Amino acid sequence: KEAESKEPRKMMLKTEGIPMSTPNTLIIPPNSHLNSFSRKAYVSNFCKDFISKTEFDEIIDSLCKIASIAYTKKRENDNKQLSPKVISVFWV
């Protein structure tokens, strides 16, 4: 079910692509699993006068932790909605 929910997003990224960062807008693309952020988004041409790469990476790491917690909670909620028989089949 989860793989199915990611397919439309993967297709959209392939067909539409991820916008490019500009001096006014920094785009932070998703990671390859589409459940967090890429840690390779620092664009020194646009960022160096405002934030160091180290500070930027620390912020991205914090955002990734928040995304991970949200993703975990989503998975827990999804699993609660499964019937006990289905859960026992997958976790035996």
Side-chain angles (χ1 to χ4, degrees):
K1 181 177 176 178
E2 182 179 330
E4 292 174 12
S5 69
K6 288 184 181 179
E7 277 309 308
R9 288 187 285 168
K10 284 184 179 180
M11 289 301 295
M12 182 192 71
L13 290 175
K14 284 182 183 178
T15 58
E16 296 178 21
I18 297 172
M20 298 293 292
S21 292
T22 68
N24 296 323
T25 306
L26 182 65
I27 304 297
I28 302 173
N31 66 6
S32 61
H33 299 290
L34 302 177
N35 62 0
S36 192
F37 301 98
S38 172
R39 290 180 168 87
K40 300 175 184 176
Y42 187 82
V43 181
S44 64
N45 295 349
F46 304 147
C47 299
K48 66 182 175 190
D49 293 335
F50 303 102
I51 188 170
S52 71
K53 180 162 181 6
T54 302
E55 186 178 5
F56 181 87
D57 288 344
E58 288 172 359
I59 291 169
I60 295 297
D61 287 342
S62 295
L63 291 172
C64 289
K65 288 176 186 173
I66 292 169
S68 176
I69 291 167
Y71 180 75
T72 299
K73 293 211 180 279
K74 180 192 177 307
R75 294 292 297 143
E76 287 172 356
N77 287 335
D78 289 348
N79 289 336
K80 285 179 186 176
Q81 295 173 8
L82 293 174
S83 74
K85 288 182 182 178
V86 171
I87 291 172
S88 67
V89 168
F90 288 111
W91 283 308
V92 168

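None of these values were measured; they are calculated from a predicted model. Sequential numbering from 1 along the given sequence is applied to the chain's residues.
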### Query
Roughly how far, to the nearest 0.5 Å, is CD1 of Ile60 from NZ of Lys40?
13.5 Å
#### Entry: Separation between CD1 of Ile51 and OG of Ser44, rounded to the nearest 0.5 Å
13.0 Å
### Message
Using the ring-ring contact (aromatic ring centres under 6.0 Å, His included) definition, which of the options Tyr42, Phe50, Phe46 pairs with Phe56?
### Response
Tyr42
### Task
Can you measure from CZ (Phe37) to CD1 (Ile66) and round to the nearest 0.5 angstrom?
9.0 Å
### Query
Is Lys65 paired with Asp61 through a side-chain N to carboxylate O contact shorter than 4.0 Å?
no
### Task
Search all heavy atoms of Met20 against all heavy atoms of Ile27 and return the closest pair with its distance.
O-CG1, 3.7 Å
### Query
Going only through I, L, V, M, F, W and Y residues with side-chain contacts under 4.5 Å, is there a path from Leu63 to Val43?
yes
### Query
Which atom pair, heavy atoms only, marks the closest approach of Leu26 to Cys47?
CD2-SG, 3.8 Å
### Query
Is the backbone N or O of Thr25 less than 3.5 Å from a side-chain atom of Thr22, with the two atoms forming a donor-acceptor pair by type?
yes
### Task
Report the distance from atom CD1 of Ile28 to atom OG of Ser21, rounding to the nearest 0.5 Å.
8.0 Å
### Message
Donor-acceptor pair, distance only, cut-off 3.5 Å: does the side chain of Ser68 make one with the backbone of Cys64?
### Response
no
